[in-house]
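All heavy atoms count here, side chains included; hydrogens, waters and symmetry mates do not.
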Amino acid sequence: MNKEETIVALATPNGVGAIGVIRLSGPDAISIAGSVFKGKDLTKQESHTIHFGQIIDGDIVLDEVLVSLFIAPRSYTRENVVEISCHGSGYIIESIIKLLIKKGATGAKPGEFTLRAFLNGQLDLSQAEAVADLIASNSKASQQVAIQQLRGGFSSQLQQLRDQLVQFASLVELELDFSEEDVEFANRAQLKQLIININQVVSRLIESFELGNVIKQGVNTVIAGRPNAGKSTLLNALLNEERAIVSHIPGTTRDTIEEILNINGINFRLIDTAGIREATDAIEKMGVERTMEKISQSALLIYVFDAVEITIEQLNNDLKRLQKPGITMLVVANKADLLTKEQLLSLPHSQSAIIISAKLKRHIDELKRKIYSSAVKHQLSGDETLVTNIRHLEALQKTEAALARLLNGMETQVTSDFLAMDIKQALHYLGEITGAVTTDDLLDNIFSKFCIGK
Ligand code: GDP
């Protein structure tokens, strides 16, 4: 990336819209925009002002536009930024971008605006990643987690702890210079306390990933049960619409369905119920393999049984086969409308099963609450810090391991040079999260996932 270049890209989605916003960033953003703008002299205007005028290519008027000016460093990238709001025709947008490139701008690479914001110190790395998450967020909960991370989230906290550790590192390094004299500049008790503090923060963040991931990715959910148990009917009741085909002939759900059930902002992805349907037919034929494969790819299993038809042996058999470590199972007794209260009470597993009528949509809300609380174990508070990014998780896990080595080294009273090495490693992994330590590969990897114009 060459910071001397001024980059240009469409910041709004491709396709026809009422308006399209073309973004320029770099030292020549204002002069390049000014060279095709008929209106006020843009180079003489103040930051954060908007100007009406025309974009002209020689004598030809391409469009009437509004131009917003952001003068460095008061902009998203901390460079000169110009945003041209034009009419959202693909032809106009393409013509204006081509014209700006002719006047000296370069087409932006994916994520290059945000990369520049990071390299110019406007955002740290995890905040830059939060921009991508925010753009991709598709539920209230995922938007809130992303916005929290964008505001600084945990990286500012980690940065502070890292700064303290850096100080200790330099004191330990100093000891190396005086190794003959056996002095200790770095107070070992304080260092140990700091490491314990960092470790607490790091472990808490690692633990938060489980929930963070649920919010960001959703929960893979399978509805399984014997033919005619009411799986399709339940799916419809949960989704509150007639989406899947319901039939009294076993095995009619044949199209592949992936439906999103959103409960309080969490997306539950009901995966391929048709496949499950075929697979569950096979439960009876002892061919549990496919069912198990589907289930092993999910985090939540909703097992439905027909409260009228099933025998206790069948039920116990199914439960035994379907139960898998790491996968939450909710047991649902369906067709409660066909049974009396007494019959319901004497149902096998009546204590733990959720008793519903999918057809009459009874107790569906209760089931939804159970589904939600199986994934979200405690109430979300607005300002909670959650890790949602697998790269952060890995760096945190490596930090945790490095901190453990460090503590272990201190217990066994290793020499200052080993201690210095262990501290360096912990610093390295902590720095990977905030971007204090980066490599080109890492940056490429992160920013190439952005779209052009972001
Ligand atoms: P699947 O094979 O497990 O997907 O079962 P379906 O959803 O296709 O339902 C099988 C049959 O049971 C259909 O005729 C449904 O109308 C009926 N059914 C489903 N849920 C209920 C319920 O709660 N009460 C009653 N009485 N019938 C139900």
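- Sorted by first and then second residue, the salt bridge (Lys or Arg N to Asp or Glu O under 4.0 Å) pairs with a member in residues 390-399 read E129-R391; sequence neighbours excluded.
- For the atom pair I84 CD1 and I93 CD1, the distance stands at 11.5 Å (nearest 0.5 Å).
- Considering all non-hydrogen atoms of both residues, V145 and T388 come closest at CG1-CG2, 3.3 Å.
- When every heavy atom of A33 is checked against every heavy atom of V82, the shortest pair comes out as CB-CG1, 3.8 Å.
- Under the side chain to side chain donor-acceptor pair (under 3.5 Å) criterion, the residue pairs touching residues 216-225 are D133-K216, N220-R269, with sequence neighbours excluded.
- Residues passing the salt bridge (charged side-chain N to carboxylate O under 4.0 Å, His left out) test with E64: none are found, sequence neighbours excluded.
- Listed by first and then second residue, the ring-ring contact (aromatic ring centres under 6.0 Å, His included) pairs involving residues 42-91 are H48-F70 (not counting sequence neighbours).
- In this structure, the separation between CG on N334 and CG on L367 is 10.0 Å, given to the nearest 0.5 Å.
- With values rounded to the nearest 0.5 angstrom, I147 atom CD1 is found 4.5 Å from L134 atom CG.
- You'll find the side chain of V81 stays beyond 4.5 Å of the side chain of L69, heavy atoms only.
- The closest donor-acceptor contact from the side chain of Q193 to the backbone of Q190 lies at 3.5 Å or more, if one exists at all.
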Are S357 and H363 close enough, and set up right, to give a side chain to side chain contact (heavy atoms under 4.5 Å, CB included), and what steps lead you there?
CA-CA 7 Å; S357 166; H363 298 285; over 6 Å; no
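- Among residues two or more places apart in sequence or in another chain, the salt bridge (charged side-chain N to carboxylate O under 4.0 Å, His left out) test is passed with E400 by none.
- Smallest separation of non-hydrogen atoms from L10 and V21: CD1-O, 3.4 Å.
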Given E432 and R162, is the salt bridge (Lys or Arg N to Asp or Glu O under 4.0 Å) satisfied, shown in steps?
CA-CA 11 Å; E432 274 193 353; R162 187 173 184 273; over 6 Å; no
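- Residue pairs satisfying the salt bridge (Lys or Arg N to Asp or Glu O under 4.0 Å) criterion with at least one member in residues 13-38, sequence neighbours excluded, are listed as follows: R23-E83.
- Applying the salt bridge (charged side-chain N to carboxylate O under 4.0 Å, His left out) criterion to K192, with sequence neighbours excluded, gives E411.
- The two residues Y372 and N264 come nearest to each other via the heavy atoms CE1-CB, 3.5 Å.
- How far CG of N80 is from CD1 of I30: 4.0 Å, rounded to the nearest 0.5 Å.
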Side chain to side chain contact (heavy atoms under 4.5 Å, CB included), that's the test. Do R204 and Q200 meet it? Break it down for me.
CA-CA 6 Å; R204 191 160 43 75; Q200 268 170 2; over 6 Å; no
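- I92 has its side chain within reach of I96: a pair of non-hydrogen atoms, C-beta onward, lies under 4.5 Å apart.
- Around the NZ atom of K424, the shell of radius 6.0 Å holds no more than 12 heavy atoms that belong to other residues, nucleotides or ligands.
- Sorted by first and then second residue, the side chain to side chain donor-acceptor pair (under 3.5 Å) pairs with a member in residues 1-17 read K3-N120; sequence neighbours excluded.
- Under the rule for a ring pair (Phe, Tyr, Trp, His ring centres under 6.0 Å), F168 has no partner lying at least two apart in sequence or in another chain.
- The line from CG of L360 to OG1 of T233 is 10.5 Å long, rounded to the nearest 0.5 Å.
- Residue pairs that meet the salt bridge (Lys or Arg N to Asp or Glu O under 4.0 Å) test with at least one member in residues 49-58, sequence neighbours left out, are D57-K102.
- Within the structure, salt bridge (Lys or Arg N to Asp or Glu O under 4.0 Å) pairs that include any residue of residues 43-53 comprise D41-K44 (at least two apart or interchain).
- Under the side-chain contact (heavy atoms from CB on, under 4.5 Å) rule, L419 has a single partner from E175, R188, E173, which is R188.
- With D124 contributing its side chain and G435 its backbone, the two residues share no donor-acceptor pair below 3.5 Å.
- For the pair V332/I302, a side-chain contact is recorded, criterion being any heavy-atom separation below 4.5 Å from C-beta on.
- Annotation: salt bridge (charged side-chain N to carboxylate O under 4.0 Å, His left out) contacts of K324 (sequence neighbours excluded): none.
- In the model, D163 has no side-chain atom that pairs as donor or acceptor with a side-chain atom of Q167 under 3.5 Å.
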V214 vs I266, test: side chain to side chain contact (heavy atoms under 4.5 Å, CB included). Steps then yes/no.
CA-CA 7 Å; V214 158; I266 305 287; 3.8 Å; yes
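- For the pair V166/L427, a side-chain contact is recorded, criterion being any heavy-atom separation below 4.5 Å from C-beta on.
- Atom CZ of F447 is separated from atom OG1 of T114 by 6.5 Å, given to the nearest 0.5 angstrom.
- Remark: the S25 side chain and the T77 side chain contain an N/O donor-acceptor pair separated by less than 3.5 Å.
- In terms of modelled atom types and a separation under 3.5 Å, the side chain of D63 and the main chain of I55 share no donor-acceptor contact.
- Checking side-chain atoms of Q122 against main-chain N and O of S75 turns up a donor-acceptor pair under 3.5 Å.
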Side chain to side chain contact (heavy atoms under 4.5 Å, CB included), that's the test. Do L125 and L443 meet it? Break it down for me.
CA-CA 9 Å; L125 200 53; L443 292 183; 3.9 Å; yes
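- Contact of the I97 side chain with the I22 side chain is registered, since non-hydrogen atoms from C-beta on lie closer than 4.5 Å.
- Put simply, the side chain of L191 reaches to within 4.5 Å of the side chain of M410, judged on heavy atoms.
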